[in-house]
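What follows is one structure encoded as structure tokens, with my remarks underneath.
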Amino acid sequence: MEDALLLARAQFGLNIGFHILFPTLTIALAWFLVAFLWKYRRTGEEAWLTTYKRWVKVFALTFAMGVVTGITMSFQFGTNWPGYMNHVGAIAGPLLSYEVLTAFFLEATFLGIMLFGMNRVSPGVHLVSALAVAVGTTLSAFWILALNSWMQTPTGHVMEGRQWIAADWWSVIFNPSFPYRLVHMLLASGITASFAIAGLSAWRLLHAPSDSGAARTLRAGIVTAAILVPIQVYVGDQHGLNTLHHQPAKIAAMEALWHTERRMPLVLFAIPDEENKRNNYSIELPYAGSLILTHSMDGEVKGIDAFAPDVPPVTPVFFAFRVMVGMGVLMLLVSWYATWRTRRGQAAPRWLLWVLSAFTFSGWIATLAGWIVTEIGRQPWLVTGVLRTRDAVGEVGEAALGASLTGYVLTYLALLIAYFVVLTHLAGSGDAKGVA
Amino acid sequence: MNEWLPVIFMVLMGGAVLAYVILDGYDLGVGMLMPAASHEEQSIMVSSIGPFWDANETWLVLGIGILLAAFPQAHGVVLGALYLPVVAMLVGLMFRGVAFEMRIKASGWHQELWNWLFWAGSFVASFFQGVMLGRYITGFEAGLGYWLFAFVVGGALCGGYVLMGATWLILKTEGGVRAKAIGWARWGLLWVALGVALVSLATPMVSETVRDKWFDFPRTLWLMILPAATIACGGWIWHSTGRLRSGGSSDDGKPFLAAVSIFTLAFLGLAYSLFPYVVIDRLTIWDAAAHPSGLRFVLVGVVIVLPFLVGYTIYAYRVFGGKTTGKLYD
């Protein structure tokens with residue numbers, strides 16, 4: 001039973017972790033494409049059209065990856081978590097239905113026109129189609145994050161018989177953590193896309209230093225990142241305070257705070273010891289933890305011991321949080337320095353192009369780490385205070401789960417390798433085969 | 001009102017599934033026909049479905065979404081019982097969907113590989129959709145005979161999708177591809193006839209519930225309209241493709257329309273067999289229905305969104321109306 005639960009979680013985590021990579025990129029990339037098309041319409045410069053045509057191919061590829069892994073997700077709610085449907089299906093189902101109805105059809109249908117219809121519709125209709133795709137991707141983030149946030153901080157539900165139903169849809173959707181999570185995720189998407197654009201443009205410039213289009217998108221990417229990252233730092237802090245209020249156990253795990261204390265230090269690094277409930281080799285900043293979380297030097301922060309036995313595993317949450325914040329700091333430094341270094345049309349030096357290339361998928365790392373923090377930090381609950389993960393797992397045998405997990409791992413590995421091969425090929429060759 | 005909500009959602013879910021089977025059916029069928037075409041013909045074939053496949057597959061997500069929202073109990077039972085065929089179908093759909101993009105951008109043996117994956121993915125996805133249907137009709141009964149039945153349905157559905165794909169190509173292409181597609185359609189029709197006959201005969205044998213619903217005189221006489229109309233549609237395809245082949249005047253859209261009709265009729269027959277069950281012999285739509293509060297909330301969304309959805313879908317098909325020419329990216 002425990003093994004089946006672990007396998008079901010591993011499989012679902014793998015799928016959702018793999019899936020999230022692609023929407024994270026496409027949500028904001030869609031808006032970049034709208035901007036490129038808009039620029040082309042306003043200025044009439046062919047260069048913007050070339051830029052659009054180059055990036056729309058990256059978008060199409062990434063979008064396809066998101067669609068096929070997303071279809072998998074829609075099935076796995078039922079195959080892996082039938083208990084979830086039985087207990088909270090009356091809330092989760094409608095939210096997912098709204099996502100399909102308002103977002104998926106919109107983006108999928110207009111994507112056809114956006115990709116292949118440029119010579120068949122007027123430029124205005126084409127721009128509107130691109131806009132519809134961008135609105136669709138953002139709407140899908142809205143609905144899925146409403147559901148995810150409800151699972152984190154549920155409100156507006158009542159028990160009826162053996163299942164939970166919505167008493168007030170407004171408060172189900174606009175639950176306490178939703179606004180923070182939505183903004184946090186949309187910014188994450190914006191930053192991820194910015195670094196991807198900057199990184200692939202840098203890769204192109206390393207191969208073809210005279211490509212003015214790539215220099216232009218490089219600048220667009222790093223400037224956008226330089227603006228969005230500090231906003232994300234502020235929003236992330238607000239999101240953390242919201243979590244402290246509604247899911248204090250998660251914060252305790254993020255900070256590896258085993259015991260409730262005042263004047264809590266900020267643990268910069270440590271090896272949490274789950275068995276003895278303490279940290280080894282820790283490096284701490286005195287008072288800083290209380291200062292950040294309560295905005296007061298001697299504020300009290302509740303530790304893991306206050307929430308036992310319903311506490312998340314500390315180690316993965318603690319480290320994932322540090323990876324996310326660490327990536328954020330690096331991205332801030334890189335984007336600000338690169339913005340300053342390329343000011344007034346200066347070309348970026350080769351070493352900086354290499355750094356930016358290395359940072360192409362930095363957004364993915366930070367986003368995945370963030371999702372690990374928030375999802376593992378929610379354990380042992382599937383829906384906080386309402387439904388435990390272990391009560392939702394299905395009766396699929398370990399053999400079937402193991403076999404399908406292997407199948408998924410192999411499939412995803414193959415898809416990811418293919419994705420990288422094609423992406424670097426597209427970026428490196430610029431306008432060669434298949435591109436524009 | 002609350003009594004009728006499950007029925008309304010049954011109809012909506014059925015509509016989404018039928019839309020999926022017809023729409024993704026033709027593009028899966030085109031995928032399965034890939035090995036029969038030359039390199040240039042393959043490009044035209046993929047171009048004819050390129051703008052549509054993504055939205056087509058969204059109907060599957062809608063069908064599953066409604067199952068989840070309206071019949072949460074059945075969602076768990078059905079998808080739990082179909083676990084492995086579902087995984088196989090999803091892996092097929094994944095490779096196939098990605099292959100659309102990859103094969104355009106690749107060259108040399110990479111392109112060959114993606115072409116092959118596109119074909120294999122289409123085939124695996126179609127076959128296991130049929131297996132899922134076969135398992136579903138028999139109420140997931142264990143036993144070799146039931147699994148054999150499911151595999152026969154898998155094969156029959158592949159034949160049906162090939163027919164859809166071939167008639168789609170008659171409608172959307174010209175010259176060599178169209179000429180070949182006429183042959184494929186006639187060949188596919190034979191398989192469909194065999195498959196439909198087998199499944200129609202076998203279904204009452206494996207399910208008592210279905211048998212009782214069909215062999216209940218005098219209602220049986222009325223029900224014979226369905227097989228009669230199906231045979232007529234089959235004849236219509238045979239006749240119209242025959243005319244097209246000999247260069248006679250006929251509408252290129254007729255075979256496709258007839259193939260859609262066959263699928264719709266088979267779907268109606270199936271719906272009649274199963275109603276009011278959502279899991280045969282176990283859960284009726286009323287047993288499995290979600291709480292009315294959720295259903296009403298979704299219904300509001302459906303009523304508002306569906307007209308737009310249908311509207312812009314029709315618009316997209318009009319934008320890409322007429323014969324497909326040349327390459328996807330222009």
Side-chain angles (χ1 to χ4, degrees), chain A residues 57 60-61 64-65 67-72 74-75 77-79 82-83 85-86 89-94 96-102 104-106 108-113 115-121 160 163 165-166 169 394-396 400 403-404 407-408 411 415 418 422 425-426 433-434, chain B residues 47 50-52 54-55 57-58 60-62 64-70 72-73 75-80 82-84 86-88 90-91 93-98 100-102 104-107 110 114 290-291 293-295 297-298 301-302 305-306 309 312-313 315-316 319-320 328-330:
Chain A
K57 287 174 183 67
L61 179 66
M65 297 282 282
V67 167
V68 295
T69 51
I71 293 174
T72 310
S74 69
F75 279 87
F77 287 116
T79 52
M85 288 305 134
N86 289 339
I91 290 169
L96 290 169
S97 301
Y98 267 88
E99 184 178 11
V100 181
L101 283 170
T102 61
F104 289 168
F105 277 111
L106 191 68
T109 308
F110 283 101
L111 181 71
I113 300 177
L115 291 182
F116 311 121
M118 213 167 193
N119 295 340
R120 289 173 178 263
V121 296
E160 169 120 355
Q163 59 171 342
I165 64 160
W169 279 106
E395 287 163 5
V396 174
S404 56
Y408 282 126
T411 305
L415 293 183
V422 174
H425 173 75
L426 277 180
K433 180 178 163 44
Chain B
S47 298
F52 308 114
D54 197 338
E57 285 191 359
T58 308
L60 178 65
V61 183
L62 181 66
I64 284 298
I66 296 178
L67 179 64
L68 191 154
Q73 297 243 344
H75 188 266
V77 173
V78 172
L79 294 186
L82 294 176
Y83 189 79
L84 287 178
V86 164
V87 173
L90 290 173
V91 170
L93 283 181
M94 279 195 266
F95 275 112
R96 173 178 179 279
V98 173
F100 263 101
E101 285 298 322
M102 297 290 189
I104 303 173
K105 292 166 176 106
S107 55
H110 279 167
W114 285 111
H291 195 273
S293 71
L295 294 183
F297 180 61
V298 179
V302 168
V305 175
L306 207 57
L309 202 167
Y312 62 62
T313 301
Y315 175 73
V319 166
F320 296 100
L328 269 179
Y329 286 103
D330 40 35

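Naming: A, B, ... by sequence-line order, numbering from 1 per chain. Below, all heavy atoms of this structure are taken into account, side chains as well, without hydrogens, waters or symmetry copies. What you see is a predicted model, and the numbers here were worked out from it, not measured in a lab.
In this pair, A:W169 and B:F297 present their aromatic rings parallel. The plane angle is below 30°, not in the 30 to 60° band.
When heavy atoms are compared at a cutoff of 4.5 Å, A:I91 does not approach chain B at all. Only the side chain of B:V305 has a heavy atom closer than 4.5 Å to any heavy atom of chain A. Residue A:E99 does not touch chain B at all, counting heavy-atom pairs closer than 4.5 Å. Using a 4.5 Å cut-off between heavy atoms, B:V302 contacts chain A through both its backbone and its side chain. Using a 4.5 Å cut-off between heavy atoms, B:L84 contacts chain A through its side chain alone, with no backbone atom that close. Within the 4.5 angstrom heavy-atom criterion, no atom of B:F52 approaches chain A. Looking at A:I71, both its backbone and its side chain come within 4.5 Å of chain B, counting heavy atoms on both sides. In this structure, the portion of B:V86 lying under 4.5 Å from any heavy atom of chain A is its side chain and not its backbone. Of the two parts of A:L96, only the side chain, counted from C-beta on, holds a non-hydrogen atom closer than 4.5 Å to a non-hydrogen atom of chain B.
B:L295 contributes atom CG, which lies 9.5 Å from atom OG of A:S97 (distance to the nearest 0.5 angstrom). Going from atom CD1 of B:I64 over to atom CZ of A:F75 covers 4.0 Å, rounded to the nearest 0.5 Å. With rounding to the nearest 0.5 angstrom, the OG1 atom of A:T102 is 10.0 Å from the CG atom of B:L309. Between A:F110 atom CZ and B:D54 atom CG the span is 13.5 Å, to the nearest 0.5 Å.
Scanning all heavy atoms of the two residues, the minimum distance from A:A64 to B:G97 falls at CB-O, 4.1 Å. Here the closest heavy-atom approach between residue B:L68 and residue A:A92 is recorded as CD2-C, 4.3 Å. Of all the heavy atoms in B:P72 and A:N86, the pair that sits closest is O-OD1, 4.0 Å. Considering all non-hydrogen atoms of both residues, B:F320 and A:G112 come closest at CZ-O, 3.3 Å.
Here the side chains of B:Y315 and A:V121 are in contact, with some heavy-atom distance below 4.5 Å. For the pair A:L61 and B:M102, the minimum side-chain heavy-atom distance is below 4.5 Å.
By number of non-hydrogen pairs under 4.5 angstrom with chain A, the leading residue of B:L306, B:L67, B:V319 is B:V319. The greatest number of non-hydrogen atom pairs below 4.5 Å with chain A, out of B:L60, B:V78, B:V87, B:I66, is found for B:V87.
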Next on the checklist: side-chain contact (heavy atoms from CB on, under 4.5 Å), that's the test. Do A:F104 and B:E57 meet it? Break it down for me.
Outcome noted: CA-CA 10 Å; A:F104 289 168; B:E57 285 191 359; over 6 Å; no
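Remark: of the listed residues A:T69, A:V67, A:L415, A:T411, A:L415 is the sole one forming a side-chain contact (heavy atoms from CB on, under 4.5 Å) with B:V98.
Side chain of A:Y98 to backbone of B:G301: a donor-acceptor contact under 3.5 angstrom is found. Judged by distance alone, the side chain of B:Y312 and the main-chain N or O of A:T109 form no donor-acceptor pair under 3.5 Å.
Counting only N and O atoms by type, the side chains of B:H291 and A:E160 include a donor and acceptor under 3.5 Å apart.
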